Amino acid sequence: MGRNKVTVIGAGNVGATAAQRIAEAGLADVVLVDIVEGLPQGKGLDLAEAAPVVGHDAHILGTNDYADTAGSDIVVVTSGLARQPGMSRDDLLAKNAGIVRSVVQAAVAHSPDCILVIVTNPLDAMCHVAMEASGFPRERVIGMAGVLDSSRFRTFIAMELGVSVEDTHAFVLGGHGDTMVPLPRYSTVAGIPITELMPPERVQALVERTANGGAEIVAFLKAGSAYYAPAASTFEMVDAILRDRKRVLPCAVFLRGEYGVDGLFVGVPVVLGEGGMERIIEIRLTNDEAAAFQRSAGAVRELVDKLHA
Ligand code: APR
């Protein structure tokens, strides 16, 4: 059996950091692609030159040419624009939709059997664009959002209680963004729901901080957005798929009636393995949770409708 091959499109902060994690774990050979000439070549060579010190044998290639991506097992899409001053959310939506559509078409032409992992924001809408552009079945188009959101929630739970992050689990549903739906009753420390371990107002404070997690980082960085945690979250999904681990992770997937939503990408717990999204795990929600989930799906629907308008 040959080595696995992962293409990462977008050699910016998230893409290059994800490429680094994948290569340094020895998980796969990595092809880093960007539209800017020299950027992926430079970062790719720099990463390759770290390999002897880090001690891995993954090949890393930076390129502007999709022919180099041929036969990839996974294609990670991080290419896009950040929101610039004066640019509305809708402008960003249209620009990134155009970018995601073109890179997905180019990538799947060379890797017709790949699994697409989408990272570009607005995430759920970009997944939709990627599914349309690829013509892939829903099992092979998966959005990275829930792993990041739940990692943020776990971080805040561990900080609050002074416990190891390793013993924390967090359950997050819904779209990526302000309307995301953290489920405290399924968020635990060593199996104990956090609702047993802190007062309701602290739970609520952590939930709000989680929903605002991306903006909190942007407020610090000013000129950029988060990338270490997004890249780590992307890595976890790539690892689950390539090593067929059947990890149960919250991901944005195309729902067909599950959770009462039809025809939209929304974050739900899924089983990730060699087939991509192998199964959706459905749980019963309380009325409040179901209402929050529907609100979140409604926000995704609005964006998708704008794209098709
Ligand atoms: N083809 C290939 N690469 C492109 C294209 C394109 N058509 N358009 C833009 N890019 C590249 C840019 O040249 C840039 O190098 O995408 C890269 C994006 O990198 P950054 O600006 O550093 O953005 P980053 O922080 O990595 O975030 C990327 O992930 O988490 C999301 O919201 C985030 O949508 C954003 C994406």
Side-chain angles (χ1 to χ4, degrees), residues 7-22 30-44 46-47 61-69 72 75-85 87 89-110 116-130 133 142-149 151-152 175-178 180 212-238 251-252 265 267 303:
T7 286
V8 179
I9 305 177
N13 282 333
V14 176
T17 311
Q20 178 186 8
R21 296 195 71 96
I22 293 164
V30 179
V31 179
L32 191 57
V33 183
D34 204 280
I35 197 166
V36 176
E37 282 179 27
L39 181 69
Q41 288 86 349
K43 290 195 180 182
D46 194 10
L47 283 169
L61 176 74
T63 182
N64 309 111
D65 181 356
Y66 283 86
D68 293 323
T69 70
S72 293
V75 173
V76 177
V77 177
T78 77
S79 52
L81 299 181
R83 195 164 153 203
Q84 276 129 24
M87 197 190 233
R89 271 182 199 279
D90 290 356
D91 292 342
L92 180 70
L93 176 74
K95 286 243 165 22
N96 279 356
I99 291 171
V100 169
R101 191 174 299 120
S102 71
V103 304
V104 165
Q105 280 167 352
V108 304
H110 294 279
L116 291 166
V117 174
I118 308 301
V119 180
T120 305
N121 277 314
L123 191 271
D124 308 276
M126 293 307 109
C127 291
H128 213 92
V129 171
I142 310 166
M144 190 291 291
V147 175
L148 171 62
D149 292 330
S151 183
R152 286 180 171 146
H176 188 43
D178 322 335
M180 153 194 122
N212 193 41
E216 185 178 7
I217 304 281
V218 171
F220 282 122
L221 297 181
K222 296 185 183 71
S225 51
Y227 57 99
Y228 291 117
S233 304
T234 304
F235 170 81
E236 187 171 52
M237 291 170 61
V238 170
C251 299
F265 276 86
L303 293 185

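Count residues from 1 along the sequence. When reading the values below, keep in mind they use all heavy atoms of this one structure, side chains included, and skip hydrogens, waters and symmetry mates. Not measured: the values here are computed from a predicted model. Indexing begins at 1, ligand by ligand and atom by atom, following the structure's order.
Thr17 places none of its side-chain heavy atoms less than 4.5 Å from the side chain of Phe235. Counting heavy atoms from C-beta on, the side chains of Thr63 and Pro40 never come closer than 4.5 Å. You'll find the side chain of Asn121 stays beyond 4.5 Å of the side chain of Asn96, heavy atoms only.
Here is the list of ligand 1 atoms found below 4.0 Å of a heavy atom in Thr120: 34 (O). Near Asn121, meaning under 4.0 Å from one of its heavy atoms, ligand 1 places the atoms 30 (O), 31 (C), 32 (O), 33 (C), 34 (O). Numbered from 1 in the order shown, with element, the atoms of ligand 1 that lie under 4.0 Å from a heavy atom of Val119 read 29 (O), 30 (O), 31 (C). Interface of Val36 with ligand 1, defined as ligand atoms under 4.0 Å from a residue heavy atom, comprises 13 (O). Heavy-atom contacts of Ile99 reach the following atoms of ligand 1: 5 (C), 6 (C), 7 (N), 8 (N) (cutoff under 4.0 Å).
By the definition of a contact as any protein heavy atom under 4.0 Å away, atom 23 (O) of ligand 1 is not in contact.
For the residues Ser79, Ala16, Gly224, the heavy atom positioned nearest atom 4 (C) of ligand 1 is part of Ser79. Counting only non-hydrogen atoms, the option in Pro40, Gly12, Ala11 that gets closest to atom 20 (P) of ligand 1 is Gly12. Of the listed residues (Ile35, Thr78, Leu92), the one carrying the non-hydrogen atom nearest atom 2 (C) of ligand 1 is Ile35.
Across all their heavy atoms, Gly80 and Ile99 have their closest contact at CA-CD1, 4.0 Å. Here the closest heavy-atom approach between residue Val104 and residue Ala133 is recorded as CG1-CB, 3.9 Å. Listed here is the closest heavy atom pair of Asn64 and Gly38: OD1-N, 4.1 Å. When all heavy atoms of Gly267 and Asp124 are compared, the pair lying nearest together is N-OD1, 4.3 Å. Counting all heavy atoms, side chain and backbone alike, Ala130 lies closest to Ile118 at CB-CD1, 3.5 Å. Looking at every heavy atom in both residues, Pro122 comes nearest to Leu303 through CB-CD1, 3.8 Å.
At a cut-off of 3.5 Å, with distance as the only test, a side-chain donor of Asp149 or His176 sits close to an acceptor on the other residue.
Looking at Tyr227 next to ligand 1, no N or O pair under 3.5 Å apart turns up. Of the N or O atoms in Val14, one or more lie within a sub-3.5 Å distance of an N or O in ligand 1. Taking any N or O of Ser102, backbone or side chain, none lies under 3.5 Å from an N or O belonging to ligand 1. Between Tyr66 and ligand 1, not a single N/O pair is under 3.5 Å apart.
Looking at Leu39 against ligand 1, only its side chain comes within 4.0 Å, counting heavy atoms. If you look at Val103 next to ligand 1, the close heavy atoms, those under 4.0 Å, all belong to the side chain.
Among all protein heavy atoms, the one lying closest to atom 18 (C) of ligand 1 is Gly80 O, 3.6 Å. Looking at atom 14 (C) of ligand 1, its nearest protein heavy atom turns out to be Asp34 OD2, 3.4 Å.
Around CG of Asp65, the count of heavy atoms belonging to other residues, nucleotides or ligands within 6.0 Å exceeds 12.
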